[in-house]
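First the structure, in the form of structure tokens, and then the observations on it.
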Amino acid sequence: MKRFFFLSVFLWAFSATLFAQGIRYEGDIKMENPEQTISKEDEAQMKSMGMGPTDHCEFEAMAQGGKYRMTYTTDFMMFKKGTYMLGDANTKVAYFVFPERKAYWEFNIDEMGQFARDMQKMMKITYSNESVTVSPLAPKVVNALPCAGKRIKITYDTQSSFMGMKQKTHNEQQTDYYTTTAYDVLALFGDHNWHGQGLGIGDPVFDKQIEAKVGFLGFPVQVITENWTDGKYSGKTTMTTRNVQLTAISPTNFVLPAGYTKESAGVFSMMKDAMKDQGGQQGKDEAAGQEQQEEKQQEQKDEKVDPKKLLKKGLKKLLK
């Protein structure tokens, strides 16, 4: 009897793990930028370099118990059709997996957030005049799903200083976020929003204020984000999901394949490595810029120019 009881418990636990309810869906992302229309020549050149479109992609996704997988079903930038992302809201680890070369990139979600903050610190980005408002939108049906909507308006100013170049920018961002509460997003996705476009600006303190004001969001059916820079319209991104199904998903779908090689994360790794050296290099560049400025001022003060000094300065500049 005891043996039968333990066997029953084991089979129940196994079946619960194997046949736990998850979610599958398809979707697409479209990006419109009036300032960056790609010519046919540039598009052909990108294609010859193995790059896919930069303004749209289609995907298939699944989630279960905080684990997430999104597969590109079309080429997109450097990601070939069939490339997929694995994510886990519990461990805060994500992977980009490249089946065509049996390789993967690894990311820690918290570390990526710190990387963004380090970038801001290096570029001396400061935020000011931050404001967020949230208002309800009229309900609408998207792909046969009844949705409630929220409009999130965010405005803020940024000031940056990098390599001696200073810039001030006024930014406006409006996101119409349509969701359905037909699915338990916390049980499926965990506490990480994999479709959170338009809900943050990169300032950790203000982003928490945005999150608190926006409140709970259901399963994203359509997310439309529009941007303005210094009063000028700078583009729109639209994500739409469709063919949503609740179904059992095998846990093997969320496991990194055996035998794949870990690679440095492309341009992300290069940027990260560059940042390590940038602090010291930036100081050298600033010192060099100051030296050049002093030399120029001295030349303007001198009424007579010594040819030997002028030749020495010229050689010095050429050898730098």
Between [X] (side chain) and [Y] (backbone), is there a donor-acceptor pair under 3.5 Å?
| X | Y | result |
| --- | --- | --- |
| Thr73 | Glu60 | no |
| Thr237 | Ile29 | no |
| Trp105 | Ser264 | yes |
| Asp157 | Lys168 | no |
| Asp207 | Gly202 | yes |
| Asp75 | Lys81 | yes |
| Thr180 | Leu145 | no |
| Lys262 | Glu106 | no |
| Thr71 | Tyr84 | no |
| Asp230 | His170 | yes |

Notebook entry, point to check: Given the rule in the side chain to side chain contact (heavy atoms under 4.5 Å, CB included) test, do Arg24 and Asn253 qualify, once you have shown the distances and angles that lead to the verdict?
Noted result: CA-CA 12 Å; Arg24 290 178 182 264; Asn253 285 289; 4.2 Å; yes

Check: Just wondering, are more than 12 heavy atoms of other shown residues or ligands nearer than 6.0 Å to CD in Glu211?
Finding: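 No.
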
Quick one: [atom1] on [X] to [atom2] on [Y], what's the gap to the nearest 0.5 Å?
| X | Y | atom1 | atom2 | answer |
| --- | --- | --- | --- | --- |
| Ile249 | Ile23 | CD1 | CD1 | 8.0 Å |
| Cys57 | Met31 | SG | CE | 5.5 Å |
| Tyr233 | Glu32 | OH | CD | 6.0 Å |

Next item on the list: Mind running side chain to side chain donor-acceptor pair (under 3.5 Å) on Glu172 and Thr155 for me, showing each step along the way?
Entry: CA-CA 4 Å; Glu172 298 177 51; Thr155 61; over 6 Å; no

Margin query: Assess whether a salt bridge exists between Arg242 and Asp28, defined as any Lys/Arg side-chain N lying under 4.0 Å from an Asp/Glu carboxylate O.
Written below: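 Between Asp28 and Arg242 there is a salt bridge, with a charged N closer than 4.0 Å to a carboxylate O.
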
Next item on the list: Might you work through the side chain to side chain contact (heavy atoms under 4.5 Å, CB included) test for Glu263 and Arg101, ending with a clear yes or no?
Entry: CA-CA 11 Å; Glu263 295 181 345; Arg101 61 176 189 264; 3.1 Å; yes

Find out whether [X] and [Y] are in side-chain contact, i.e. whether some heavy atom of one side chain is under 4.5 Å from a heavy atom of the other.
| X | Y | result |
| --- | --- | --- |
| Val205 | Tyr127 | no |
| Phe98 | Met78 | no |
| Asn171 | Asn227 | no |

Checklist line | Residues forming a salt bridge (Lys or Arg N to Asp or Glu O under 4.0 Å) with Asp88, sequence neighbours excluded | finding: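 So Asp88 forms a salt bridge (Lys or Arg N to Asp or Glu O under 4.0 Å) with Lys67.
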
Check: Same cluster for Val244 and Met239 if Ile/Leu/Val/Met/Phe/Trp/Tyr side chains link at under 4.5 Å?
Finding: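 In one cluster: yes.
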
Check: Are Phe216 and Val214 linked, directly or through other ILVMFWY residues, by side chains that come within less than 4.5 angstrom of each other?
Finding: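 As far as the 4.5 Å side-chain criterion goes, Val214 and Phe216 are connected within one cluster.
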
Next item on the list: Mind running side chain to side chain contact (heavy atoms under 4.5 Å, CB included) on Thr175 and Gln197 for me, showing each step along the way?
Entry: CA-CA 8 Å; Thr175 300; Gln197 67 178 60; 5.6 Å; no

Aromatic ring pairing [X]/[Y], orientation class (parallel under 30°, perpendicular over 60°, tilted between):
| X | Y | value |
| --- | --- | --- |
| Phe76 | Phe79 | parallel |
| Phe219 | Tyr183 | perpendicular |
| Phe189 | His195 | perpendicular |

